[in-house]
Enquirer: 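Okay, here's the structure, questions in a sec.
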Amino acid sequence: MAATNVRSSSFSRNISVVSSPQIPGLKCGPNGTTFISTGIRDLDRILGGGYPLGSLVMVMEDPEAPHHMDLLRTFMSQGLVNSQPLLYASPSKDPRGFLGTLPHPASSKEDKPTAPDPDQGESLRIAWQYRKYMENQKNSIDDYSNDFDMRKPLERQFLSGRPIDCVSLLDSSDLSVAQDHCATFLSKFPRNSSSIASVGRIAIQSFCSPLCEYSDKESDMLSFIRLLKSMLMVSNAVAIVTFPPSMLSPSSSKRLQHMADTLLSIKAIPDGDKELEKLLTGYKDINGFLNVHKVARINTQVPVILDAKTFSMSLKKRRFLALECLNQAPVDGSSGTSYGTSGSCSGSSKSGALDF
């Protein structure tokens, strides 16, 4: 049998793809991309797999609510559960004390959140072979990402013996200390095309906080993020940086957003907003909104097209963080439908010859 000839051109990029990660907590994606979990299953699904290795994630904080801390906590806990080294920096005197607030993974299937199945009525039409395949896919997701109980602190066994480096940004007159820590940390995870020995995670909280002495040196902060991004591109690590955009000039804030591979923002939900309560279903259970402004594109020029860009943040069973597409409340008092259900392209609810 003749071998298949692969046509190449000067515009194609030679990428060595790792067929299957040899360490836990990794997942292969298209174009040779390797993902690590965000720590939130819904966010992994929204971003197409999670955070790609070598990428910089920027999160714009909302001064009205600390919901960005939930993204940091789950991101850090997911790494510690998978024994991935962690570097954490924050504008506090004792950043190691923040480790006591990290959530613990659900211990059993009974503790995990259960989502309603919109296709429950169609389940009888699916062959048992396909259902078995879906169960296998679900088990592989369970091995990749965890559900974290936001009310239960991470047990000591996940903290003791783990390579954790905590850095305080409070008393630093410049970012040289943080830069040295990041450079030393990322040097342990060099990019190797043949295999991945280990991966690292960097979490930087409130990078532009006014509590830091360097907060008025916007050029230094931009240079630090630019250098961090360049170091990440040649390493098997992911960095997530939260910052308050209101503390920066509009030009510096835009430049930070432009340097991000994945850009997210958090918005608090207004208390007692009657108009919003009428507009959205499940308003009382929503804690805030997550906006996806940019999704990382690694080894490709094709943009990522999302079904939605704004998602509600809520706690299922008051314990598990969940992201859902916003649903508009029905105006006629009928029950609303969840996002993703099928419907006609026409605006009328009546079926017609032009509906498809």
Enquirer: Does anything in residues 232-259 form a ring pair (Phe, Tyr, Trp, His ring centres under 6.0 Å)? List the pairs, not counting sequence neighbours.
Expert: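 Found none.
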Enquirer: Is a side-chain donor or acceptor of T74 paired with a backbone partner of L71 at a separation under 3.5 angstrom?
Expert: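 Flag set: sc T74 to bb L71 pair under 3.5 Å.
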Enquirer: Show which residues join L211 in its hydrophobic cluster (side-chain heavy-atom contacts under 4.5 Å, direct or indirect), or state none.
Expert: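 Reading the cluster by chain and number, L211 sits alongside L170.
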Enquirer: Verify, without hydrogens or angle tests, whether K93 (side chain) and D171 (backbone) share a donor-acceptor contact under 3.5 angstrom.
Expert: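 Looks like no, no N/O pair under 3.5 Å.
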Enquirer: Is the shortest side-chain heavy-atom distance between L227 and Q179 below 4.5 Å?
Expert: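 Result yes, sub-4.5 Å side-chain heavy-atom pair found.
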Enquirer: Take atom CZ of R255 as the centre, draw a 6.0 Å sphere, and report whether it contains more than 12 heavy atoms from other residues, nucleotides or ligands.
Expert: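 Incorrect, the count does not exceed 12.
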Enquirer: Looking at residues at least two apart in the chain, or sitting in another chain, which of them share a side-chain contact (heavy atoms from CB on, under 4.5 Å) with A197?
Expert: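 Applying side-chain contact (heavy atoms from CB on, under 4.5 Å) to A197 gives none.
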Enquirer: Heavy-atom distance under 4.5 Å between the side chains of L87 and F185, does that happen here?
Expert: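 SC-SC contact between L87 and F185 confirmed.
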Enquirer: For K229, what residues pass the side-chain hydrogen bond (donor to acceptor under 3.5 Å, both in side chains) criterion, not counting sequence neighbours?
Expert: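 Only D261 meet the side-chain hydrogen bond (donor to acceptor under 3.5 Å, both in side chains) criterion with K229.
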Enquirer: Of all residues at least two apart in sequence or in a different chain, which pass the ring-ring contact (aromatic ring centres under 6.0 Å, His included) check with H67?
Expert: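 Partners of H67 under the ring-ring contact (aromatic ring centres under 6.0 Å, His included) test: none.
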Enquirer: Evaluate the side-chain proximity of V199 to T34: yes if any heavy-atom separation is below 4.5 Å, no if none is.
Expert: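 SC-SC contact between T34 and V199 ruled out.
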Enquirer: Return each pair, listed once, that meets salt bridge (charged side-chain N to carboxylate O under 4.0 Å, His left out) where at least one residue sits in residues 54-67; pairs must be two or more places apart or across chains.
Expert: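 The answer is none; no pair qualifies.
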Enquirer: Just to verify, what does D165 make a salt bridge (charged side-chain N to carboxylate O under 4.0 Å, His left out) with, not counting sequence neighbours?
Expert: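 With sequence neighbours excluded, D165 shows a salt bridge (charged side-chain N to carboxylate O under 4.0 Å, His left out) to no residue whatsoever.
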Enquirer: Any link between F207 and I240 through a network of hydrophobic side chains (Ile, Leu, Val, Met, Phe, Trp, Tyr) touching at under 4.5 Å?
Expert: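 Not linked; separate clusters.
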Enquirer: Does the side chain of F148 come within less than 4.5 Å of D70's, by heavy atoms?
Expert: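 A side-chain contact is absent here, since even the closest heavy-atom pair is not under 4.5 Å.
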Enquirer: What's the spacing between T242 OG1 and H68 NE2 if we round to 0.5 Å?
Expert: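 Reported to 0.5 Å precision, the distance equals 4.5 Å.
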Enquirer: Would you mind reporting whether M150 and L315 have side-chain heavy atoms less than 4.5 Å apart?
Expert: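 Yes. Closest side-chain heavy atoms under 4.5 Å.
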Enquirer: In terms of hydrophobic clustering (I, L, V, M, F, W, Y; side-chain heavy atoms under 4.5 Å; direct or indirect links), are V167 and M231 co-clustered?
Expert: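 Both belong to a single hydrophobic cluster.
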Enquirer: What residues form a side-chain hydrogen bond (donor to acceptor under 3.5 Å, both in side chains) with T310, not counting sequence neighbours?
Expert: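 T310: side-chain hydrogen bond (donor to acceptor under 3.5 Å, both in side chains) contacts with N291.
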Enquirer: Take L99 and C166 through the side-chain contact (heavy atoms from CB on, under 4.5 Å) test and state the conclusion after the steps.
Expert: CA-CA 9 Å; L99 301 179; C166 296; 4.1 Å; yes
Enquirer: Using side-chain contact (heavy atoms from CB on, under 4.5 Å), reason through V241 and L56 one step at a time and then give a plain yes or no.
Expert: CA-CA 8 Å; V241 181; L56 172 65; 4.0 Å; yes
Enquirer: So H104 and S77, side-chain hydrogen bond (donor to acceptor under 3.5 Å, both in side chains) or not? Walk me through it.
Expert: CA-CA 7 Å; H104 187 76; S77 291; over 6 Å; no
Enquirer: Could you check whether any side-chain N or O of T300 sits under 3.5 Å from a backbone N or O of R297, counting only pairs where one atom can act as donor and the other as acceptor?
Expert: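 No.
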Enquirer: Closer than 3.5 angstrom, by distance alone: can the side chain of S312 be matched with the main-chain N or O of I286 as a donor-acceptor pair?
Expert: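 Not a single qualifying donor-acceptor pair exists.
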Enquirer: Name all pairs fulfilling the side-chain hydrogen bond (donor to acceptor under 3.5 Å, both in side chains) condition that reach into residues 230-241, sequence neighbours left out, sorted by first residue then second.
Expert: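 Sorted pair list: R191-N236.
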Enquirer: With the 4.5 Å side-chain cut-off for hydrophobic clustering, are L26 and L232 part of the same group?
Expert: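 The answer is no; the residues belong to distinct hydrophobic clusters.
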Enquirer: Which residues satisfy the side-chain hydrogen bond (donor to acceptor under 3.5 Å, both in side chains) test with D174, sequence neighbours excluded?
Expert: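 D174 satisfies side-chain hydrogen bond (donor to acceptor under 3.5 Å, both in side chains) with S176 once adjacent residues are dropped.
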Enquirer: Side-chain contact, heavy-atom cut-off 4.5 Å: R201 with M76?
Expert: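 The answer is no, as the side chains (C-beta and beyond) never meet within the 4.5 Å cut-off.
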Enquirer: Keeping K294 on the side-chain end and A260 on the backbone end, is there a donor-acceptor pair under 3.5 Å?
Expert: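 Checking the backbone N and O of A260 against the side chain of K294, a donor-acceptor pair under 3.5 Å is found.
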Enquirer: For the residue pair E324 and K316, establish whether any side-chain heavy-atom pair is separated by less than 4.5 Å.
Expert: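 The answer is yes, as the side chains (C-beta and beyond) meet within the 4.5 Å cut-off.
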Enquirer: Going through the checks in order, is the side-chain contact (heavy atoms from CB on, under 4.5 Å) test met by L169 and Q205?
Expert: CA-CA 9 Å; L169 303 175; Q205 173 195 343; over 6 Å; no
Enquirer: Give every residue pair that meets the ring pair (Phe, Tyr, Trp, His ring centres under 6.0 Å) criterion with at least one member in residues 23-53, sequence neighbours excluded.
Expert: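 Only Y51-F75 qualify under ring pair (Phe, Tyr, Trp, His ring centres under 6.0 Å).
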Enquirer: Determine whether a donor-acceptor pair (N or O, by modelled atom type, separation under 3.5 Å) exists between the side chain of S55 and the backbone of V238.
Expert: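 No.
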Enquirer: Does the side chain of S252 pick up a donor-acceptor pair with the side chain of S249 at under 3.5 Å?
Expert: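 Yes, because at least one side-chain N or O of S252 sits under 3.5 Å from a partner of the opposite role on S249.
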Enquirer: Just to verify, what does S37 make a side-chain hydrogen bond (donor to acceptor under 3.5 Å, both in side chains) with, not counting sequence neighbours?
Expert: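 Result, side-chain hydrogen bond (donor to acceptor under 3.5 Å, both in side chains) vs S37: D44, S145.
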Enquirer: Look at the aromatic rings of F98 and Y88 and report parallel, tilted or perpendicular, splitting at 30° and 60°.
Expert: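 F98 and Y88: parallel rings.
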Enquirer: For K267, does the NZ atom have more than 12 heavy-atom neighbours from other residues, nucleotides or ligands under 6.0 Å away?
Expert: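 Open.
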Enquirer: Among the clusters formed by ILVMFWY side chains lying less than 4.5 Å apart, do V57 and M221 turn up in the same one?
Expert: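 In one cluster: no.
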Enquirer: Could you go through the side-chain contact (heavy atoms from CB on, under 4.5 Å) check for K309 and H293 one step at a time?
Expert: CA-CA 7 Å; K309 294 185 178 181; H293 302 275; over 6 Å; no
Enquirer: Evaluate the side-chain proximity of S209 to M247: yes if any heavy-atom separation is below 4.5 Å, no if none is.
Expert: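 No - every pair of side-chain heavy atoms lies 4.5 Å or more apart.
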Enquirer: Any luck finding a side-chain donor-acceptor pair between S253 and Q257 under 3.5 Å?
Expert: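 Yes, a side-chain donor-acceptor pair sits under 3.5 Å.
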Enquirer: Would you say N299's side chain and N31's backbone share a donor-acceptor pair under 3.5 angstrom?
Expert: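 The answer is yes, because a donor-acceptor pair under 3.5 Å joins these two groups.
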